[in-house]
K.L.:
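I am attaching a structure below and will ask some questions about it afterwards.
The first residue of the sequence shown is numbered 1, and numbering continues consecutively from there. Since this is a predicted model, take the numbers as computed values, not measurements.
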Amino acid sequence: KDITLRTSEQAKGKDVRTVHIDKVTGAVHLAGDGLAMPDWKVSLYGGSVHMNATLSPLTGKDSTLAAAVKADGISIQPLLVDAAGQNRITGTFSSELKISAKGADEAAMQRTLKVDGPVRLTKGQLTGLGMEGSAAALLVGGNLAGGPVVFDHFDLQLKVRGRDIWLNDIALSSSHLNAKGQVKIAANKKLDGQIETSGMKGLTGTKLLVSGTTDAPRVYPAPSSLIGGAIGG
C-alpha cells in the first residue's frame, strides 16, 4: 500500500512527478549472475500492468534488461497528469510492449532503450492541438479549432530509441473523423509528423502537418492540400 515512484532520488521542485500505485504482486528469482522478475502485476489508475522481466548479468557494461509489458484498462488522463504534468488526452489505455536496454548504469540504459509494440486508447479526446491559420477554416468553419477531437479508437505502433519516440501507423477513428499518419517526438520534445484525414466534409484527403512541441503542439494543412482545395472549390 501507499507505494510511490519518483523520477530520481535527486529530483526537487516543481518538476518532481509522483505516480500512485495501488498494489504490486510478483516474484523475484536470483540465480547465478542473473535476476528474473516473472508474473508481476501492478494495479494503478483503474487498470493493470503485467510484466515479465530479466536482468543479466547484474553488473557491468553488458548488463541487459529485457521485459514484456502488457497494460490494460488504465485511465490515461490522471496518469499523464501525475507522471508528466500533461492534460491533453483522455481515454482508456492498453498496450503490449517489448522493452530492452543495455549498459552499466541508468544513463547507458537510457541511451540504448528500445520499446516496440501496439498502443490503443478508447473512448477519449485530444485537446489543445493548436490549429494554425487555414486549418481552422478546413475544420468546418472552425467548429473544431481549439476544441477537443473526440475518438472511439486511437491506435498506433510505438517505437522508442533512447529518448526519441515515434508514433507510427496512427489510426484515429470516430463517428465524424478518421485520421492516419506518423509523428516523431524528439528528445527535446519537438514534434514532426503528418496526418491524413477523412470522413468529414472539408477534411477528406487533407494532409495536416504536425509541429511545435509536446507542450504546445501545432497542426496546419500541407501546402498541397490548400492548393488542391482551392482548385476543387
Side-chain angles (χ1 to χ4, degrees), residues 1-45 47-72 74-89 93-119 156-168 183-192 213-215:
K1 294 183 178 179
D2 300 322
I3 294 173
T4 63
L5 300 180
R6 291 194 297 172
T7 55
S8 77
E9 288 298 322
Q10 292 76 36
K12 295 179 181 180
K14 65 179 182 179
D15 292 329
V16 174
R17 301 295 177 189
T18 301
V19 174
H20 300 276
I21 297 173
D22 299 318
K23 185 178 180 180
V24 179
T25 59
V28 176
H29 300 297
L30 187 61
D33 200 22
L35 176 72
M37 299 171 62
D39 301 323
W40 278 61
K41 181 178 179 180
V42 181
S43 300
L44 72 172
Y45 298 95
S48 62
V49 175
H50 292 79
M51 181 186 76
N52 289 280
T54 60
L55 180 66
S56 181
L58 290 176
T59 60
K61 64 179 182 180
D62 293 326
S63 183
T64 300
L65 170 71
V69 180
K70 184 176 182 179
D72 187 51
I74 295 173
S75 181
I76 195 68
Q77 185 182 36
L79 173 58
L80 287 180
V81 169
D82 287 348
Q86 296 288 345
N87 193 25
R88 299 183 182 278
I89 189 166
F93 173 83
S94 61
S95 66
E96 196 161 348
L97 304 175
K98 299 291 186 182
I99 302 172
S100 67
K102 183 177 180 179
D105 54 29
E106 182 182 349
M109 288 277 186
Q110 179 63 64
R111 288 193 300 270
T112 60
L113 177 65
K114 294 182 179 179
V115 182
D116 294 279
V119 171
L156 59 90
Q157 290 289 326
L158 177 66
K159 175 183 175 182
V160 178
R161 296 295 183 268
R163 293 186 181 275
D164 292 325
I165 302 171
W166 285 264
L167 311 180
N168 294 325
V183 175
K184 179 184 177 183
I185 306 173
N188 59 5
K189 295 186 178 183
K190 286 189 176 181
L191 302 176
D192 181 20
T213 67
T214 54
D215 295 326

K.L.:
Could you tell me whether the side chain of S63 and the main chain of A104 form a donor-acceptor pair under 3.5 Å?
P.N.:
no
K.L.:
Tell me if a side-chain donor or acceptor on Q110 pairs with a main-chain N or O of G162 at a distance below 3.5 Å.
P.N.:
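Yes, Q110 side chain to G162 backbone: donor-acceptor pair under 3.5 Å.
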K.L.:
In sequence, state the C-alpha distance, the side-chain angles, and the governing distance for I165 and V115, and then conclude on side-chain contact (heavy atoms from CB on, under 4.5 Å).
P.N.:
CA-CA 9 Å; I165 302 171; V115 182; over 6 Å; no
K.L.:
Going by the rule side-chain contact (heavy atoms from CB on, under 4.5 Å), which residues pair with T59 if we only count those two or more places apart in sequence or in a different chain?
P.N.:
none
K.L.:
Okay, side chain of R88, backbone of D215: is any donor-acceptor separation there less than 3.5 Å?
P.N.:
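Checked: pair present.
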K.L.:
Which heavy atom in A71 sits nearest to a heavy atom in I74, and how many Å separate them?
P.N.:
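For A71 versus I74, the nearest heavy atoms are CB-CD1, 3.9 Å.
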K.L.:
Is there a donor-acceptor contact under 3.5 Å from the side chain of T112 to the main chain of K102?
P.N.:
yes
K.L.:
At what distance, to the nearest 0.5 angstrom, does NZ of K190 lie from OG1 of T213?
P.N.:
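So the NZ of K190 and the OG1 of T213 are separated by 9.5 Å.
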K.L.:
Could you give the distance from NE2 (H50) to CG (N52), rounded to the nearest 0.5 Å?
P.N.:
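Reported value, rounded in 0.5 Å steps: 9.5 Å.
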K.L.:
Distance from S56 atom OG to L35 atom CG, nearest 0.5 Å?
P.N.:
9.0 Å
K.L.:
With salt bridge (Lys or Arg N to Asp or Glu O under 4.0 Å) as the test, would you mind laying out the steps for D116 and R161 before giving the verdict?
P.N.:
CA-CA 9 Å; D116 294 279; R161 296 295 183 268; 3.2 Å; yes
K.L.:
How about Y45 and D22: does a side-chain donor come under 3.5 Å of a side-chain acceptor?
P.N.:
no
K.L.:
Can you measure from NZ (K41) to CE (M51) and round to the nearest 0.5 angstrom?
P.N.:
14.0 Å
K.L.:
Please determine whether side-chain contact (heavy atoms from CB on, under 4.5 Å) holds for the pair L156 and N168, giving the CA-CA distance in whole Å, both sets of side-chain angles, and the decisive distance to 0.1 Å.
P.N.:
CA-CA 6 Å; L156 59 90; N168 294 325; over 6 Å; no
K.L.:
Looking only at atom types and distance, does a side-chain atom of T64 sit under 3.5 Å from a main-chain N or O of D62, one as donor and one as acceptor?
P.N.:
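Judged by distance alone, yes, a pair lies under 3.5 Å.
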K.L.:
Nearest 0.5 Å, what's the CG-CG distance between L58 and D33?
P.N.:
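Those atoms lie 5.0 Å apart.
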K.L.:
Would you check if W40 and T25 make a side-chain contact, meaning some heavy-atom pair closer than 4.5 Å?
P.N.:
no
K.L.:
I'd like to know whether L65 forms a side-chain contact (heavy atoms from CB on, under 4.5 Å) with L113, so could you lay out the CA-CA distance, the side-chain angles of the two residues, the decisive distance to 0.1 Å, and finally the verdict.
P.N.:
CA-CA 9 Å; L65 170 71; L113 177 65; over 6 Å; no
K.L.:
Only one of I89, D82, N87 clears side-chain contact (heavy atoms from CB on, under 4.5 Å) with Q77; which?
P.N.:
N87
K.L.:
Minimum heavy-atom separation for P38 and H29, please, with both atom names.
P.N.:
CG-CD2, 3.5 Å
K.L.:
Shortest non-hydrogen contact from D164 to A187?
P.N.:
OD1-N, 3.0 Å
K.L.:
Atom NZ in K159, atom CG in L167: separation rounded to 0.5 Å?
P.N.:
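With rounding to 0.5 Å, NZ (K159) is 12.0 Å from CG (L167).
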K.L.:
Can you name the nearest heavy-atom pair linking V119 to S95, along with the distance?
P.N.:
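It is CG2-CB, 3.9 Å.
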K.L.:
Go through the steps to decide whether V69 and V49 satisfy the test side-chain contact (heavy atoms from CB on, under 4.5 Å), and finish with yes or no.
P.N.:
CA-CA 7 Å; V69 180; V49 175; 3.4 Å; yes
K.L.:
Verify, without hydrogens or angle tests, whether W166 (side chain) and I185 (backbone) share a donor-acceptor contact under 3.5 angstrom.
P.N.:
no
K.L.:
Are any of the side-chain heavy atoms of K70 and D72 separated by less than 4.5 Å?
P.N.:
no
